[in-house]
Protein chains: 2
Amino acid sequence: MDDPDVQDDNRKFTRESAEFRREALILATLDLIAEMGVRGATVREIAARANVTQGLIRHYFSSKEELVQAAYEHHMNTLTDQTAASSGKGSAVSQLTNFVDASLRPPIVDPSAVALWAGFLNKVQHDPKMQRIHQQTYNYFRDHLETLIVAALHETGRAVAASAAKQLAIACNAVIDGLWLEGGALPDAFSEGQLAQIGLDSVGAIVGIPLTKEVEQS
Amino acid sequence: MDDPDVQDDNRKFTRESAEFRREALILATLDLIAEMGVRGATVREIAARANVTQGLIRHYFSSKEELVQAAYEHHMNTLTDQTAASSGKGSAVSQLTNFVDASLRPPIVDPSAVALWAGFLNKVQHDPKMQRIHQQTYNYFRDHLETLIVAALHETGRAVAASAAKQLAIACNAVIDGLWLEGGALPDAFSEGQLAQIGLDSVGAIVGIPLTKEVEQS
DNA sequence: CCCGCAATTATTCAAGTGTATAATAACTTC
DNA sequence: GAAGTTATTATACACTTGAATAATTGCGGG
């Protein structure tokens with residue numbers, strides 16, 4: 001009688017794990033903020049997109065505020081995880097090259113990602129908890145960049161003072177951020193690979209090491 | 001009897017010129033978006049801050065949307081006007097120096113200005129009219145930068161192809177934007193003048209002309 | 001001086017907001 | 001396979017939102 005594959009489905013809903021539901025709600029929130037701004041991310045829209053009713057949001061998050069915070073943290077972790085994995089494990093110079101290159105291509109460069117970031121910015125400036133997350137992400141990214149720069153300089157036989165290294169990291173980070181921003185805000189203004197090319201040239205000029213992304217072949 | 005300086009003020013309101021009211025409403029809107037995000041800029045709050053009642057908004061703007069567009073245009077014009085005036089009229093190199101320097105100091109670098117920009121971004125990505133304004137401002141800024149770079153290179157005896165010049169302008173613009181962004185988003189992370197210093201070093205490295213802001217002192 | 005117009009206020013409206021509470025039903029456990 | 005837990009839905013509430021309309025009132029022209 002009961003074929004377990006075919007649900008007769010007079011069931012009106014299914015119970016899912018807490019993790020599954022939390023993630024679904026967070027992803028729906030991110031989608032909506034990127035698409036319509038914080039304003040468009042209402043509890044009802046979020047619930048609809050996560051295929052639940054709005055009451056469930058407050059079952060998993062004590063307020064919408066908390067959901068937004070969780071969504072922000074998730075977004076930032078995703079971004080950093082994606083870039084951190086991109087360096088590979090060749091020479092220091094090639095690691096730096098790969099890192100810059102990956103930071104300036106999809107999926108990092110993406111209108112939705114920039115829209116998301118912008119949508120959160122106001123909350124970041126007011127909510128201390130979100131400020132902490134922001135600061136954390138920024139430092140993580142910049143420190144990683146600084147490590148790569150120092151290693152690359154060392155590899156090419158140049159020493160650099162700690163304070164100078166930090167300044168270089170700030171500058172390179174700024175180029176990357178600026179290009180990332182413009183690529184996301186004006187998606188049609190740049191051809192594919194153009195941002196990455198400009199980024200490599202600029203970072204190369206700033207640290208004094210020509211960076212070229214060779215097409216790895218054979 | 002009636003001292004014209006002292007208003008006895010049983011008058012319940014005063015009539016002002018259309019220009020005065022429009023500007024007051026626009027400034028109130030910008031204030032609120034910077035402070036609380038687009039979300040916080042409600043017709044009632046805007047009206048309160050402009051010292052009028054909410055109905056007046058629709059007397060001057062056919063919708064809130066239109067008011068926000070006008071506010072965006074006003075903000076962008078203010079930003080470009082402030083930077084364009086900063087180059088001065090010395091040598092080409094010093095003009096470039098001044099431009100970069102001014103772009104990375106208050107009042108251009110300012111948490112409110114960044115918050116404002118971010119608050120508008122979502123609308124920019126959806127509303128064609130706001131997109132046009134955005135594109136226009138970006139191009140204006142970048143073209144100005146390109147002109148300064150080409151002149152500076154020419155002055156120091158180097159020629160540069162048109163396409164190369166454009167790439168340099170994009171890169172320098174990105175450094176400036178990135179530093180502007182970070183200075184506004186993390187106001188306490190940088191000491192006074194640090195952003196400008198890093199900006200001058202980076203732009204100098206990218207275009208190949210050391211830029212130093214000498215303290216002008218007869 | 002007062003008349004009329006338009007700038008401004010006062011009030012109302014329907015739709016949408018986040019939150020709270022009560023009712024249901026899917027899964028677990030014995 | 002019945003009872004109990006609790007994830008989930010359903011409904012309600014108080015409040016805010018942008019917009020629309022009606023009622024004032026300042027002020028310039030005759």
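In what follows, every chain begins at residue 1, and chains take the letters A, B, ... in the order their sequences are listed.
- Side chains of A:Asp127 and A:Glu65 form a contact here, defined as non-hydrogen atoms less than 4.5 Å apart.
- A tilted orientation is assigned to the rings of A:His134 and A:Trp117, their planes being inclined by 30° to 60°.
- A salt bridge links A:Arg49 with A:Glu35: at least one charged nitrogen is closer than 4.0 Å to a carboxylate oxygen.
- Taking atom CG of A:Leu67 as the reference point, atom C1' of C:dT19 lies 14 Å away to the nearest angstrom.
- The side chain to side chain donor-acceptor pair (under 3.5 Å) test applied to B:Gln135 returns no partner, not counting sequence neighbours.
- Considering only side-chain N and O atoms, A:Arg39 lies under 4.0 angstrom from the phosphate OP1 or OP2 of D:dG18.
- We find that CZ of B:Arg44 is positioned 13 Å from P of D:dA20, with the value rounded to whole Å.
- In secondary-structure terms, DNA chain C builds stems of at least 3 consecutive Watson-Crick or G-U pairs, each pair having both distances under 3.5 Å, at C:1-30 with D:1-30.
- Of the residues in residues 46-64 of chain B, B:Gln54, B:Arg58, B:Ser63, B:Lys64 come within less than 4.0 Å of DNA chain D through at least one heavy atom, sorted by number.
- In this pair, A:His144 and A:Phe99 present their aromatic rings perpendicular. The plane angle is above 60°, beyond the 30 to 60° band.
- At a non-hydrogen distance threshold of 4.0 Å, nothing from residues 121-129 of chain A comes into contact with DNA chain D.
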| said: For a quick check, with a 4.0 angstrom heavy-atom cut-off, what is the B/S/- contact string for nucleotides 23-30 of chain C, read 5' to 3'? | reply: --BBS---
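- Sorted by residue number, the list of members of residues 16-25 of chain A with any non-hydrogen atom under 4.0 Å from DNA chain C is empty.
- Between the side chains of B:Asp201 and B:Gln197, a donor-acceptor pair is found at a separation under 3.5 Å.
- Checking side-chain atoms of B:Trp180 against main-chain N and O of B:Ile108 turns up a donor-acceptor pair under 3.5 Å.
- A:Leu32 places its CG atom 11 Å from the P atom of C:dG18, with the value rounded to the nearest Å.
- Under 4.0 Å is where a charged nitrogen must lie from a carboxylate oxygen, and between A:Lys129 and A:Glu73 no such pair does.
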